[in-house]
Amino acid sequence: MKSPQILSPQIVASPQVSAAPPPAIAMPALIGLAVLVAIASAMPFVLGNYLLFQATQVLVFAIALLGLNMLTGFNGQISLGHSAFYAIGAYTTAILLDKTDIPYWAAVPMSGVVCLFAGYLFGLPALRLEGLYLALATFALAVATPQLLKFHAFEPWTGGVQGITLVTPDAPPGVKLVSGQWFYFYCLMWTVILCLVAWNLLRGRIGRSLVAIRDHPTAAASMGIDTALYKSMTFGVSAMYTGIAGALGALLTAFVSPDSFPPLLSNTLIVGSVVGGIASISGIFYGAVFIVFVPNVPDFLASHTSWPWLAAGAKAAPWAIYGVFLIFTMYVMPMGMAGVVQIARGWLRRKMAGRGDPTAIKSSVK
Amino acid sequence: MFKRILMATVFASALAVVGARAEDTPGVTKDEIKIGNTEAYSGPASAYGVIGKTESAFFKMINDEGGINGRKVNFISLDDGYSPPKTVEVVRQMLEQDGVAFFFNILGTPPNTAIQKYLNARKVPQLFVATGADKWGNYKDFPWTIGFQPSYRVEARIYARYILKEKPDAKIAILYQNDDFGKDYVAGMKDILGDKYKQMVTEASYETTDATIDSQVVSLQGSGADVLLIAATPKFAAQSIRKVYDIGWKPSLEFLTNVSLSVGAVMKPAGVEKAVGVITSAYGKDPTDPAWKDDPGLNQWRAFMAKYMPGSDLSDANYVYGYGVSLLMVQVLKQCGNDLSRENIMRQATNVKNFDVPTSLPGIRINTSPTNYHPITQMQLQKWDGTTWVRFGEIINGDGGS
């Protein structure tokens with residue numbers, strides 16, 4: 001059973017953030033959440049078209065990251081192939097809308113179901129692989145997907161290299177919202193539902209089993225946990241989340257093509273996951289914000305700086321700037337944004353609770 | 001508390017709506033016009049990034065000279081990494097946030113496809129796109145999108161016209177890549193050969209996933225064809241040329257798509273002596289061609305390069321491309337005069353008459369009309385002599401119909 005693990009899941013999954021599955025939420029936290037949702041609901045009326053489009057992108061990526069966090073963060077299975085599931089979800093919705101009369105609101109969950117099966121099936125052989133070997137196998141999936149989408153036998157459905165053009169859905173009759181606003185709410189609805197489902201899954205028996213499998217598979221198995229079933233199901237559910245995100249992303253950009261889903265997308269998702277905090281639910285939002293906004297920083301610098309050398313550098317080497325940001329982020333917050341927030345909250349709580357507590361004083365002195 | 005915040009936000013958004021000023025054309029003021037562009041500055045197609053850099057430098061030159069009709073050009077060119085979703089994102093940013101008047105020379109077929117519906121629905125011009133696909137000439141369905149360079153289909157028509165003139169009873173073999181790129185060549189041949197296509201032509205296709213195209217070449221030779229058209233991307237083009245030579249097939253005319261005319265990527269791998277006699281086409285002046293050493297047209301480009309892009313690789317034809325297409329853009333804006341509404345910009349872009357770009361081959365003129373969205377339809381043939389491409393014959397027109 002012991003396979004050579006160069007990169008053990010414990011290291012990947014930074015146990016400081018998630019020694020245990022997320023605890024049950026107390027009343028004040030619930031109110032806090034409600035306020036967050038309310039603020040999110042006000043966005044479409046405050047933001048301009050383009051910022052709203054970016055906000056919707058954040059929601060879409062947040063859902064994809066949630067899927068990846070379940071798999072990699074909670075269950076310890078590394079995936080560099082989630083762009084494939086994102087693509088399958090996107091193409092399922094695109095083909096359904098292009099070839100059939102199925103409405104978009106039904107196509108999105110259908111994408112989820114297709115990806116659930118695809119992920120489960122891929123998860124079965126993946127059971128034999130661990131750590132870096134699984135990472136490579138999933139990476140192969142990511143590399144193969146764009147080429148398969150171009151394959152000419154599938155062309156009647158996929159549209160080949162040309163892809164499929166879609167239309168972002170309009171608000172249903174009677175709802176006075178423009179399509180961008182409506183679609184934001186549609187994505188927000190999915191985000192809230194999927195977060196609740198994930199939170200419910202992860203806080204109870206299932207969540208504990210997943211973490212147990214991650215931290216010590218042998219012990220978990222001897223406790224009676226069906227590790228094979230859990231691992232392949234986690235793969236399925238994770239793919240479903242990412243697939244739904246892909247479907248929403250396809251509707252948002254109103255276009256899919258093989259070039260839309262390069263292997264780099266998988267890396268982007270992993271980056272978002274780790275930056276946000278890989279074994280957390282709240283981390284997905286920080287990660288998604290990073291994914292959407294940081295790649296634009298070089299272009300922003302290039303057009304808004306008065307230093308010509310910086311502008312020229314930003315134009316010439318945008319990914320170098322991205323890299324600097326990434327290294328900086330990892331250096332300052334190795335446990336991701338969620339980790340930083342958790343540490344800050346713990347510090348605050350200690351400070352508020354025990355004025356006389358020596359450890360509290362010590363940490364405040366620090 | 002929350003209610004109050006909500007009220008405040010609703011009030012603020014109402015203010016924002018009322019406060020929005022109605023202007024004639026977004027991006028156009030008394031002394032500026034904003035133009036949007038996306039380019040692959042990073043990613044798989046980043047070799048084309050120099051086109052966007054050339055255009056930025058070109059508009060800087062125009063501004064230094066006082067702009068167009070007193071207006072400076074504010075050219076916003078953002079990186080999309082050749083990824084369609086990113087194109088959608090940055091195009092929306094430029095249109096909805098930066099407020100550009102229109103888009104110019106966006107690079108690549110997938111990125112342009114991704115935004116075509118969006119821009120046409122909003123009646124925003126998508127001018128002179130940098131791709132060779134034929135579909136950018138579809139003025140009926142997408143009246144706000146117009147192409148620039150000769151499409152693959154136009155190129156195939158030119159070969160077909162030449163074949164009909166030189167060998168009217170030819171038996172033609174076509175080897176094409178089974179995608180939109182390759183199929184454009186089949187369509188172009190059909191345009192010219194018409195009813196005779198079926199009896200004159202034998203087709204064979206390959207997939208980009210194929211390891212070799214040997215069997216296709218052998219079967220085409222078996223058809224008894226004496227004219228061959230190779231519509232293949234560089235790797236397969238090199239294989240084809242070599243195989244045709246190795247099996248002793250000597251077509252009297254052997255055409256090669258100008259996508260694959262690269263000496264380094266095709267001719268050398270194929271074997272420079274095996275490719276002797278292969279014919280392709282061109283519309284622009286090749287900066288490495290000694291014939292243009294003292295050409296006034298290219299010297300104009302060289303002067304620009306020396307002043308605005310010092311240190312660049314002067315053998316890269318993409319710099320010439322960026323310069324040429326920018327000249328056309330300036331011509332259209334000059335024609336617009338002071339009416340810079342989107343409608344008029346589109347009207348003038350489709351009303352260019354006999355415009356001569358100094359970086360194009362002599363005799364090639366740019367023409368557009370409301371029913372012709374293919375600005376360049378003329379090309380000249382050139383033949384591989386073992387060391388370089390040598391132009392020959394007259395300029396041939398590849399416009400539609402037979």
How about Tyr308(B): does its OH atom have over 12 heavy atoms from other parts shown lying under 6.0 Å from it? yes
For atom CZ of Phe139(A), is the number of surrounding heavy atoms from other residues, nucleotides or ligands below 6.0 Å larger than 12? no
Using heavy-atom distances under 4.5 Å, tell me whether Ser257(A) contacts chain B through its side chain, its backbone, both, or neither. side chain
How far apart are the closest heavy atoms of Thr165(A) and Lys117(B), and which atoms are they? CG2-CD, 3.5 Å
Would you say that more than 12 heavy atoms from the other residues, nucleotides or ligands in this model lie under 6.0 Å from the NZ of Lys60(B), or not? no
Atom of Glu96(B), atom of Asn49(A) and distance for their closest heavy-atom approach: OE1-CB, 2.9 Å
For each of Lys135(B), Gln97(B), Lys86(B), tally heavy-atom pairs with chain A at distances under 4.5 Å, and name the one with the top tally. Gln97(B)
Which pairs of donor and acceptor atoms, one on a side chain in residues 262-272 of chain A, lie under 3.5 Å apart (sequence neighbours left out)?
{"unit_1": "Ser266(A)", "atom_1": "OG", "unit_2": "Leu80(A)", "atom_2": "O", "d": "2.9"}
{"unit_1": "Ser266(A)", "atom_1": "OG", "unit_2": "His82(A)", "atom_2": "N", "d": "3.4"}
{"unit_1": "Ser266(A)", "atom_1": "OG", "unit_2": "Ser83(A)", "atom_2": "N", "d": "2.9"}
{"unit_1": "Ser266(A)", "atom_1": "OG", "unit_2": "Ser83(A)", "atom_2": "OG", "d": "2.9"}
{"unit_1": "Thr268(A)", "atom_1": "OG1", "unit_2": "Leu264(A)", "atom_2": "O", "d": "2.9"}

With side-chain contact (heavy atoms from CB on, under 4.5 Å) as the test, would you mind laying out the steps for Asp98(B) and Tyr50(A) before giving the verdict? CA-CA 10 Å; Asp98(B) 302 335; Tyr50(A) 173 65; over 6 Å; no
For a side chain to side chain contact (heavy atoms under 4.5 Å, CB included) with Asp259(A), tell me which candidate from Pro85(B), Pro110(B), Ser83(B) qualifies. Pro110(B)
What is the minimum heavy-atom distance between Thr113(B) and Phe255(A), and which atoms define it? CG2-CE1, 3.6 Å
Can you tell me how far apart CD (Gln54(A)) and CZ (Arg92(B)) are? Round to the nearest 0.5 Å. 10.0 Å
Over 12 non-hydrogen atoms of neighbours within 6.0 angstrom of CZ in Phe325(A): no
The interface call for Val167(A) against chain B, heavy-atom contacts under 4.5 Å, is side chain
Taking the side chain as every heavy atom from C-beta outward, state whether Glu89(B) and Thr253(A) have any pair of such atoms under 4.5 Å apart. no
Considering all heavy atoms of both residues, which atom of Phe53(A) and which atom of Val88(B) are nearest to each other, and what is their separation? CZ-CG1, 4.0 Å
